[in-house]
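A quick write-up on the structure given underneath.
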Amino acid sequence: MQTPSSSPSLPPVVSALIAPLPKAPMEALLTRLTRRLIARRPDLLRRLGEVVRVPVAIVPDDMPHAFLLSLDPDHSRVRICGKDRIGEAQAVVRAPLLVLLGLLDGTYDGDAVFFSRDLRIEGRTEHVLALRNTLEEADLTPGEFLGLTGEGARFVNRVGDGLLEKVRWFAARSSGQRGGQPS
């Protein structure tokens, strides 16, 4: 694990391109994938305990929208909303999108990005910590999130890792940081 060398953020043009896209199809897809994951991995909800009933807002600093996550066993849902519309969230996680993804894939250390202030938590901190611990223990991959196994999952994981590496490289280059070529 590593600490990002100053918050790697997506270029503003990415946010501008995403802003006008319709939210409903992405909400439906993310909700469906989340429900399928929970159906396959009920251990995730057991680890979370009471947190499953607490709406958590994930707010990427460099994106135009926020994600309101509800992991209720019977009605899990992902809503995409304006950053000013997360009032029902009892816990809020804020960071650049690449930092959030780096926490999910294990690239970044959660404590390090928290203490460097690249990651900010508001509200019920204990719920965010429970979510973080559950995700770390679950060791989810993109393939598993999509419900894939075997060679299909390995392929999606390789492509996802490569794409994320290239996006991080591009973000670093566009912000003036120096780094090697993406592989």
Side-chain angles (χ1 to χ4, degrees), residues 1-5 7-8 10 26-27 29-63 66-78 80 89-116 118-121 124-169 171 182-183:
M1 282 191 223
Q2 55 184 296
T3 304
S5 59
S7 294
L10 294 174
M26 186 56 76
E27 277 183 355
L29 176 64
L30 290 173
T31 294
R32 181 179 170 105
L33 290 172
T34 300
R35 288 178 180 173
R36 288 178 61 201
L37 175 65
I38 289 170
R40 285 189 318 277
R41 297 280 309 269
D43 60 300
L44 298 175
L45 294 186
R46 281 194 300 276
R47 288 181 194 163
L48 283 172
E50 285 303 306
V51 175
V52 299
R53 305 217 186 274
V54 175
V56 176
I58 310 297
V59 184
D61 294 333
D62 48 1
M63 297 292 285
F67 300 88
L68 196 55
L69 178 64
S70 174
L71 295 175
D72 184 284
D74 301 317
H75 307 291
S76 292
R77 183 172 179 206
V78 178
I80 300 174
Q90 294 182 26
V92 181
V93 179
R94 296 178 190 273
L97 180 65
L98 293 174
V99 170
L100 294 168
L101 292 174
L103 290 170
L104 281 176
D105 73 7
T107 300
Y108 299 138
D109 177 284
D111 293 332
V113 294
F114 176 77
F115 288 113
S116 71
D118 289 320
L119 172 73
R120 288 138 0 257
I121 299 170
R124 312 252 336 243
T125 307
E126 69 273 17
H127 294 302
V128 175
L129 290 174
L131 182 61
R132 172 201 168 203
N133 292 339
T134 298
L135 289 173
E136 268 186 13
E137 290 171 20
D139 198 27
L140 294 175
T141 64
E144 185 175 9
F145 184 70
L146 294 173
L148 302 172
T149 58
E151 189 53 42
R154 285 188 289 280
F155 174 77
V156 166
N157 294 339
R158 278 192 311 272
V159 169
D161 288 346
L163 181 61
L164 194 52
E165 181 181 327
K166 285 174 182 23
V167 170
R168 284 186 182 120
W169 177 85
S183 39

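Quick note: numbers below take in every heavy atom, side chains included, and nothing from hydrogens, waters or symmetry partners.
Taking OG1 from Thr31 and CZ from Arg36, the interatomic distance works out to 13.0 Å, rounded to the nearest 0.5 Å. Rounding to the nearest 0.5 Å gives a distance of 12.5 Å between CG of Asp109 and CZ of Phe114. Atom CZ of Arg124 sits about 14.0 Å away from atom CG of Leu131, to the nearest 0.5 Å. One distance of note links CD1 of Ile121 with CG of Leu129; it measures 5.5 Å at 0.5 Å rounding. Here the CZ atom belonging to Arg77 is positioned 12.0 Å from the OG1 atom belonging to Thr34, to the nearest 0.5 angstrom. One distance of note links CG of Leu69 with CG of Leu30; it measures 9.5 Å at 0.5 Å rounding.
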Could you walk me through whether Leu98 and Leu164 pass side-chain contact (heavy atoms from CB on, under 4.5 Å), step by step?
CA-CA 8 Å; Leu98 293 174; Leu164 194 52; 3.9 Å; yes
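Contact check for Thr134 versus Asp43: no side-chain heavy atoms found under the 4.5 Å cut-off. Residues Leu45 and Leu71 have side chains in contact (heavy-atom distance under 4.5 Å, counting atoms from C-beta outward). Using a 4.5 Å heavy-atom threshold, the side chains of Leu140 and Leu135 count as touching. Under the 4.5 Å side-chain criterion, counting only non-hydrogen atoms from C-beta, Arg120 is not in contact with Val59. The shortest distance between side-chain heavy atoms of Leu10 and Val167 falls below 4.5 Å.
Partners of Ser70 by side chain to side chain contact (heavy atoms under 4.5 Å, CB included), not counting sequence neighbours, listed by chain and number: Asp72. Evaluation of the side-chain hydrogen bond (donor to acceptor under 3.5 Å, both in side chains) rule for Arg40 yields no partner, not counting sequence neighbours.
The backbone N or O of Pro96 lies less than 3.5 Å from no partner atom in the side chain of Asp62, so there is not a single donor-acceptor pair.
Ion pair Glu151/Arg154 flagged as a salt bridge, since at least one NZ, NE, NH1 or NH2 atom sits closer than 4.0 Å to an Asp/Glu carboxylate oxygen.
Nearest heavy atom pair, residue His127 against residue Ala91, reads CB-CB, 4.5 Å. The two residues Ile80 and Glu27 come nearest to each other via the heavy atoms N-OE2, 2.7 Å. Of all heavy-atom pairs spanning Asn157 and Gly143, the tightest one is OD1-N, 2.7 Å. In terms of heavy-atom proximity, Asp118 sits nearest to Ser116 at OD2-OG, 2.9 Å. Pairing each heavy atom of Pro60 with each of Leu100, the nearest pair is CA-CD1, 3.9 Å. The two residues Asp61 and Arg94 have their closest heavy-atom pair at OD1-CB, 3.9 Å.
Among Val93, Leu103, Asp111, the single residue meeting the side chain to side chain contact (heavy atoms under 4.5 Å, CB included) criterion with Arg132 is Asp111.
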